[in-house]
S.K.: 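Dropping the structure in here first, questions after.
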Amino acid sequence: MISIHKKIFNCRQLLLLALCGIAFTEAFSGCIDYCDTNLEREFSDFEDFMFDECNGYDAPDSLLDIEAPTRALTPIQIMQLLNQVGAPTILMESFFLRTNILNSRSLLDMPLFDPRYLGPCGCSFDTMIFYNQMTRSYFTLSSDRIDSYVALSEPSLLEKLQNQVVNFLPNVNIAMLFGLFSGMTVQERRAGFMLHWMRQTSDTVLRIFCPLYYRERNFFFTQDERRAIEAVFPPVGTQSEQEEFQNAHFVSDEIGLGDLRVEGMCCVRPQQSLRIWLGGFVTIPTAFAFKRGLRGTHFPKSCQQPNFDLNTLFNDSGFSPTPEMIEQAQEMVSSFALQAIDRVAANLLDTELGNNRHVGLGIVALYTSPLSEWIDYECMRCIFFKGRISVEGLLPAYERRLFVYKVDTQGFATRDFSDSSSNAVALSNLLFLQKEFINKFYLFGSGATVLPGPIFRATNTMFYQTDSWKCFLGTDWWVQTRESMPHVYSDAATVNSFDLAKNKLPHAVQYKLLAGLDYTLYGESCDLTMGLALDATVYSRGIGKDFTGLVHCSVCF
């Protein structure tokens, strides 16, 4: 039979696995297909290594001075193990560098959905089929990598973890393992229909439009990153099992209706050389999902914390464990890790179809001019210039946000974690570390009043027009300033313990190039226009680079 001291040593390894592995898994979430079976295999391997009496592993001599328990580990003994793996020092590090959601540009602000030509008077109905993809989302103002959001590349954390891991698993390189996942990002796809109605007279324009679409977000690795991960963690299990696990924890999707926008303009300068319209618009938060979790999962932003009892974990794994106790300990660590992953997914993947229930009010100016008015050449008579400038302010609204607690530096400074004078003192320290452990890895949900920053747009297009054909080239600037959070709906002590600065969205900038081609069939009672258009982001800050493609069919009568 293996000695009691060797059984106690198993506790140290399990704790270190919890400290490193949960930070590891909750950050990189499982953008890889094989995470499900790998997770099961890894815990199986650790079971064989840590709990098999025949593994022949000898505990270090430094542990032989720990008093062997007769039934269960006492708080003093648990704290001795925690100190030997450096838990208090590791838990003083910040694991979440940011906790903000991701910036997102409303489909209503996409330049391809603007009417490209103000034609003859009458009504028109336009159906646009579109696809929009953001391949790499930005977590911060300038980074699309997860290590700017979670401390996967922070030198102080890596050093502390490595100094402890090397004592038990000398061949494990924490920096290398974390580095495999540090380039992970979030990918988003939106596809559906933009329904657009417009009524135009000689002096006024009225538009109403709203999208009906499917949205999906998932964690994403490049092929090179996947191959590097698979070289270290070979995939196991069936393809269907891998996909089921991935869809349950790393993909969020929904289908439904977006926000509705009503826009009106009046012509204030009717001269042919430069016609100018001025007006305003309102964005009505009509968005709602018909169905969530078609392929992926809906991740609610819950305010409940998980149960994770270090005393139970140690006593299920540290002293004379039965198979049932081992399974319970594994289930506790696995469940906590997956819940932590799901909280990260709730923050980064799960989002509203619209603009988070914010009402928008804006002003808009539109101007058109034939280029022949400025350049007197015959070839310029078919070329026209159109520009659009708008500013929108979003009203405050209630949102559910996820926060991380600040490191309790005062609590760490006032405690002596090596004090083994009594079980009462050790138990107090143990409960403190347990609370810090949960708060470190598990984002806490709370309601907040959020005031998004104003949105500025400027779109300029040059189009060539004949009787039936029209084509255009253009540019688009979109800027949203940083949000503010006037109120968080929780008690004062809890709000003061939140790291609110990490939760606020940075400002966002996108610069796009766009192009399109239309063909019109003229009839006696109505005209039919069909066309296609593309845009692509060439510069961005705080939001990422996306592209959009659409085909449309418009009837004017």
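Computed from a predicted model, the values in this text were never measured in an experiment.
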S.K.: Step through it carefully: locate the ring centre of Tyr398, locate the ring centre of Tyr489, and say whether they are under 6.0 Å apart.
M.R.: yes

S.K.: Is there a donor-acceptor contact under 3.5 Å linking the side chains of Thr135 and Gln133?
M.R.: yes

S.K.: Would you please say whether a donor-acceptor pair under 3.5 Å links the side chains of Ser335 and Gln339?
M.R.: yes

S.K.: Take Asn503 and Thr99 through the side chain to side chain donor-acceptor pair (under 3.5 Å) test and state the conclusion after the steps.
M.R.: CA-CA 5 Å; Asn503 195 266; Thr99 61; 3.3 Å; yes

S.K.: If you take the centroid of each ring, where Trp contributes its six-membered ring, are Phe403 and Phe498 closer together than 6.0 Å?
M.R.: yes

S.K.: Is there a donor-acceptor pair under 3.5 Å between the side chain of Ser94 and the backbone N or O of Phe96?
M.R.: no

S.K.: So which atom in Lys545 and which in Ser540 form the shortest heavy-atom distance, rounded to 0.1 Å?
M.R.: CG-OG, 3.4 Å

S.K.: Hydrogens and angles aside, do Arg388 and Thr459 bring a side-chain donor and acceptor to less than 3.5 Å of each other?
M.R.: no

S.K.: Check the pair Thr537, Asp546 against side chain to side chain donor-acceptor pair (under 3.5 Å), reporting the backbone distance first and the verdict last.
M.R.: CA-CA 6 Å; Thr537 304; Asp546 67 338; 2.6 Å; yes

S.K.: My understanding is that only one of Phe113, Phe547, Phe193 makes a ring pair (Phe, Tyr, Trp, His ring centres under 6.0 Å) with Phe130; could you say which?
M.R.: Phe113

S.K.: Between Phe221 and Phe219, is the ring centroid distance below 6.0 Å?
M.R.: no

S.K.: Report the residues that fulfil side chain to side chain contact (heavy atoms under 4.5 Å, CB included) with Lys406, sequence neighbours left out, ordered by chain and then residue number.
M.R.: Asp499

S.K.: Between Arg357 and Glu352, is a salt bridge (charged side-chain N to carboxylate O under 4.0 Å, His left out) present by the stated rule, with each step listed?
M.R.: CA-CA 8 Å; Arg357 315 303 298 174; Glu352 297 289 336; 5.6 Å; no

S.K.: Please check this pair: side chain of Ser106 against backbone of Leu108, looking for a donor-acceptor N/O pair closer than 3.5 Å.
M.R.: yes

S.K.: Between Ser369 and Ser273, is there a donor-acceptor pair closer than 3.5 Å when you use the side chain of the first and the backbone of the second?
M.R.: yes

S.K.: Quick one: do the Arg189 and Asn218 side chains pair a donor with an acceptor below 3.5 Å?
M.R.: yes

S.K.: Under the side chain to side chain contact (heavy atoms under 4.5 Å, CB included) rule, what do Arg207 and Asp114 come out as? Steps first, then yes or no, please.
M.R.: CA-CA 10 Å; Arg207 300 172 58 209; Asp114 293 335; 4.0 Å; yes

S.K.: Mind checking whether Tyr519 and Trp469 have ring centres under 6.0 Å apart?
M.R.: yes

S.K.: Any side-chain donor-acceptor pair under 3.5 Å between Ser468 and Thr520?
M.R.: no

S.K.: Using the ring centroid of each side chain, check whether Tyr149 and Phe139 are separated by less than 6.0 Å.
M.R.: yes

S.K.: Are side-chain N/O atoms of His552 and Asp518 paired as donor and acceptor at under 3.5 Å?
M.R.: yes

S.K.: Compute whether any side-chain donor of one residue and acceptor of the other, for Asp259 and Thr286, lie under 3.5 angstrom apart.
M.R.: no

S.K.: Could you verify whether a donor N or O on one side chain and an acceptor N or O on the other, from Arg136 and Gln187, lie under 3.5 Å apart?
M.R.: no

S.K.: Would you please classify the geometry between the Phe245 ring and the His249 ring as parallel, tilted or perpendicular, with 30° and 60° separating the classes?
M.R.: tilted

S.K.: Has Tyr522 got a side-chain atom pairing as donor or acceptor with Asp467's backbone, closer than 3.5 angstrom?
M.R.: yes

S.K.: Ignoring hydrogens and angles, tell me if any N or O in the side chain of Arg215 forms a donor-acceptor pair with the backbone of Ile255 under 3.5 Å.
M.R.: no

S.K.: If you measure from OG1 on Thr140 to OH on Tyr138, what distance do you get to the nearest 0.5 Å?
M.R.: 8.5 Å

S.K.: Main chain of Gly453, side chain of Gln480: is a donor-acceptor contact present, judged purely on distance under 3.5 Å?
M.R.: yes

